[in-house]
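Since the structure is predicted, the reported quantities are computational estimates derived from the model, not experimental observations. Note that ligands are numbered from 1 as they come in the structure, with each ligand's atoms numbered from 1 the same way.
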Amino acid sequence: MPGTDSELVIATVVGARPQFVKAAVFSRAVQRIAKTGPAIREVLIHTGQHYDASMSDVFFQEMGIPEPDHHLGVSGGTHGEMTGRMLEAIESVLLETSPDRLVIYGDTNSTLSGALAAVKLGIPVAHVEAGLRSFNRAMPEELNRVVADQLSDILFAPTDMAVHNLRREGIVSDRIVRTGDVMYDAMRYYTGRAESESDVLSRLGLEPAGYVLATCHRAENTDDPARLAGIVEGLGRLAASRPVILPVHPRTRGALERHNLLAQAESSLTLIDPVGYLDMVQLEAGAGLIATDSGGVQKEAYFHRVACITMRDETEWVELTGIGVNELVGADADKIATRGAARFGEPIEHQGLYGDGRAAQQMLRELIGRSGLDAGALAEAATVEH
Ligand code: UD1
Ligand code: UDP
């Protein structure tokens, strides 16, 4: 249903796991504000990029994300196929619903397709998690981010470095809003629920601070047999002294099978299916060390004050490596094993690099303020509880 002059209609596009986490806090902020009066409505579009129950449904259920208004059912295929099919399907939803604006999250193919579909229809785009750069153009995510940032008229940058990156690319400062990170908002909001509702530690027989939590799904690691072998070997060596829990992303399960590494991984590591957000929060908070190639999980390690090694050659979250709470170890088995063992249990100080847990509210205030909705709406937006 198209919006009216006195109603702000914000379409949002999600598709992949980290976007559900980001969208959960943004959607919640929209619902809270809408309840207090301002005429604001979200049209939630799920591209279908992630579709297993453990990669999608569980997040909607646990995190109270509204049912998508539109589910496009697009997944798999080459990057071009996936992006092209999403572009066409998102365009037709935008034509039908005529939103005032589109909000996109992160750096996936769903992000890129949403941005392209909207700008071509003259619908302004706001990008949540703008300005992140790995400076590695071989990463599909880097290409998606650079294009999404250029196409967006509001850039919600989570860190000072993200602001700096955008300015360096010539983006004028009134398009950039430094907000803090919605993933920190999510962690703050859901941690209490995770503590009371998740029994994952007892289910897996884990002692707090007695295990390593690992995640691996980046294409550069899964699609390269030598890198994946290095990671399995390195984590396997760490597992000689304490359990290493690896919730296995579907891409990684396929790659372990394809590269004949599944038996080795199963014999040394504790492989489990991907877990929902509440279990993940508990697994992260209880770990003695996190070893990951995920963007989101690197930050969450820091939020939970857990030492992290990152199994990549570079990272976008440079403030964490800068203060020494995270360390790049690549896919090198020796480094993973030795640096992981050295950092296990290391105390980490939280220095509040990612805002105050109200990034989503700040974003909404900004969107409402720039929309022409009345000042009362803006005041309400400012007072919504975390
Ligand atoms: C995508 C994002 C990546 C993000 C990650 C989060 C792109 C280019 N990549 O990577 O930036 O960090 O999501 O997890 O957008 N699959 C399933 N079931 C699912 C989802 C995926 O079986 O629910 C399998 C399919 O075989 C699919 C493969 O995993 O072809 C890869 O999925 P895809 O969405 O293309 O990329 P991700 O590796 O998940
Ligand atoms: N996550 C989860 N269950 C898992 C693995 C990850 O809930 O089994 C959460 C994690 O806590 C974080 C988000 O998914 O909030 C990160 O997604 P992912 O690592 O897939 O993508 P990235 O952040 O690298 O783009």
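- No side-chain donor-acceptor contact under 3.5 Å links Y354 to the backbone of F303.
- Only the side chain of P247 comes within 4.0 Å of ligand 2, judged by heavy-atom distances.
- Using cut-offs of 30° and 60° for the angle between ring planes, the F59 and F20 rings count as tilted.
- Scanning both residues, S152 and A126, for their nearest heavy atoms gives OG-C, 4.5 Å.
- The distance from ligand 1 to the heavy atoms of M55 drops below 4.0 Å at these ligand atoms: 23 (O).
- Scanning all protein heavy atoms for the shortest distance to atom 38 (O) of ligand 1 gives R251 NE, 2.5 Å.
- The nearest pair of heavy atoms linking S110 to G15 is OG-CA, 3.7 Å.
- Protein heavy atom at the shortest distance from atom 24 (C) of ligand 1 is P250 CB, 3.9 Å.
- Those atoms of ligand 1 that come under 4.0 Å of a heavy atom in R218, given as number and element, are 11 (O), 12 (O).
- For the pair H217 and ligand 1, the shortest N or O to N or O distance falls below 3.5 Å.
- Residues D356 and R188 are not paired through a salt bridge, judged by the lack of any N-O separation under 4.0 Å between the basic side chain and the carboxylate.
- Taking the centre of each ring, Y105 and H127 stay at or above the 6.0 Å mark.
- When E141, Q19, M82 are ranked by how near their heavy atoms come to atom 9 (N) of ligand 1, first place goes to E141.
- Residue H79 has no N or O atom closer than 3.5 Å to an N or O atom of ligand 1.
- Residue R218 has at least one N or O atom closer than 3.5 Å to an N or O atom of ligand 2.
- A heavy-atom separation below 4.0 Å is found between P18 and ligand 1.
- T159 places a side-chain N or O within 3.5 Å of a backbone atom of A162 that can act as its donor or acceptor partner.
- At a distance under 4.0 Å, a protein heavy atom can be found next to atom 3 (C) of ligand 1.
- Each of the following atoms of ligand 1 lies closer than 4.0 Å to a heavy atom of H249: 14 (O), 37 (P), 38 (O), 39 (O).
- Only side-chain heavy atoms of E300 come within less than 4.0 Å of ligand 2; its backbone N, CA, C and O stay farther off.
- Between the S113 side chain and the M86 main chain, no donor and acceptor come within less than 3.5 Å of each other.
- Near D52, with a cut-off below 4.0 Å to any heavy atom, the atoms of ligand 1 are 17 (C), 18 (N), 19 (C), 22 (O), 23 (O).
- Looking only at heavy atoms of the protein, atom 4 (C) of ligand 2 is closest to R17 NH1, 3.3 Å.
- Considering only non-hydrogen protein atoms, atom 33 (P) of ligand 1 sits nearest to Q49 NE2, 3.9 Å.
- For the pair M183 and ligand 2, a heavy-atom separation below 4.0 Å is found.
- The distance criterion of under 3.5 Å between nitrogen or oxygen atoms is not met by V21 with respect to ligand 2.
- Within a 6.0 Å radius of CD in E169, other residues, nucleotides and ligands contribute more than 12 heavy atoms.
- E207 CD: 12 or fewer foreign heavy atoms inside a 6.0 Å radius.
- The distance from ligand 2 to the heavy atoms of G276 drops below 4.0 Å at these ligand atoms: 7 (O).
- Distance from atom 1 (N) of ligand 2 to its nearest protein heavy atom, with residue and atom name: M280 CG, 3.7 Å.
- What sits closest to atom 20 (C) of ligand 1 on the protein, heavy atoms only, is H50 CD2, 3.4 Å.
- For atom 8 (O) of ligand 2, the closest non-hydrogen atom of the protein is V275 N, 3.0 Å.
- For the 3.5 Å distance criterion, the side chains of T321 and E327 fail to qualify, holding no donor opposite an acceptor.
- Atom 27 (C) of ligand 1 has Y51 OH, 4.7 Å as its closest protein atom, hydrogens excluded (heavy atom only).
- In this structure, F20 has no heavy atom closer than 4.0 Å to ligand 2.
- For ligand 2, the atoms sitting less than 4.0 Å from at least one non-hydrogen atom of Y277 are 7 (O), 15 (O), numbered in the order shown with element in parentheses.
- Between atom 25 (O) of ligand 2 and the options C216, P18, G106, the minimum heavy-atom separation is to P18.
- Here the side chains of R145 and S134 are in contact, with some heavy-atom distance below 4.5 Å.
- Annotation: atom 23 (O) of ligand 2 to nearest protein heavy atom, G296 N, 2.8 Å.
- Heavy-atom contacts of E284 reach the following atoms of ligand 2: 11 (O) (cutoff under 4.0 Å).
- Distances between N or O atoms of F59 and those of ligand 2 include no value under 3.5 Å.
- In this structure, M161 places its CE atom where only 12 or fewer heavy-atom neighbours from other residues, nucleotides or ligands lie under 6.0 Å away.
- At a 3.5 angstrom cut-off on N or O pairs, D293 does not count as close to ligand 2.
- Note: H249 NE2 to L256 CG = 12.5 Å, rounded to the nearest 0.5 Å.
- In terms of N/O distances under 3.5 Å, ligand 2 is not approached by D107.
- Rounding to the nearest 0.5 angstrom, the gap separating the OG1 atom in T222 from the CZ atom in R258 is 7.0 Å.
- The N109 neighbourhood of ligand 1 comprises atoms 7 (C), 8 (C), 15 (O), with distances under 4.0 Å to a heavy atom of that residue.
- Shown here for C308 and L289, the closest heavy-atom pair between the two residues is N-CD1, 4.3 Å.
- Between P158 and R178, the closest heavy-atom pair is O-NH1, 2.8 Å.
- Salt-bridge check for D334 with R237: passed, with a basic side-chain N closer than 4.0 Å to an acidic carboxylate O.
- At the top of the distance list for atom 19 (O) of ligand 2, counting protein heavy atoms only, stands S294 OG, 2.7 Å.
- Listed for the E42 side chain is no donor-acceptor partner under 3.5 Å among the backbone atoms of I10.
- For ligand 1, the atoms sitting less than 4.0 Å from at least one non-hydrogen atom of D107 are 11 (O), numbered in the order shown with element in parentheses.
- In this structure, the protein non-hydrogen atom closest to atom 30 (O) of ligand 1 is G76 CA, 4.2 Å.
- A side-chain donor-acceptor contact under 3.5 Å links R193 to the backbone of E62.
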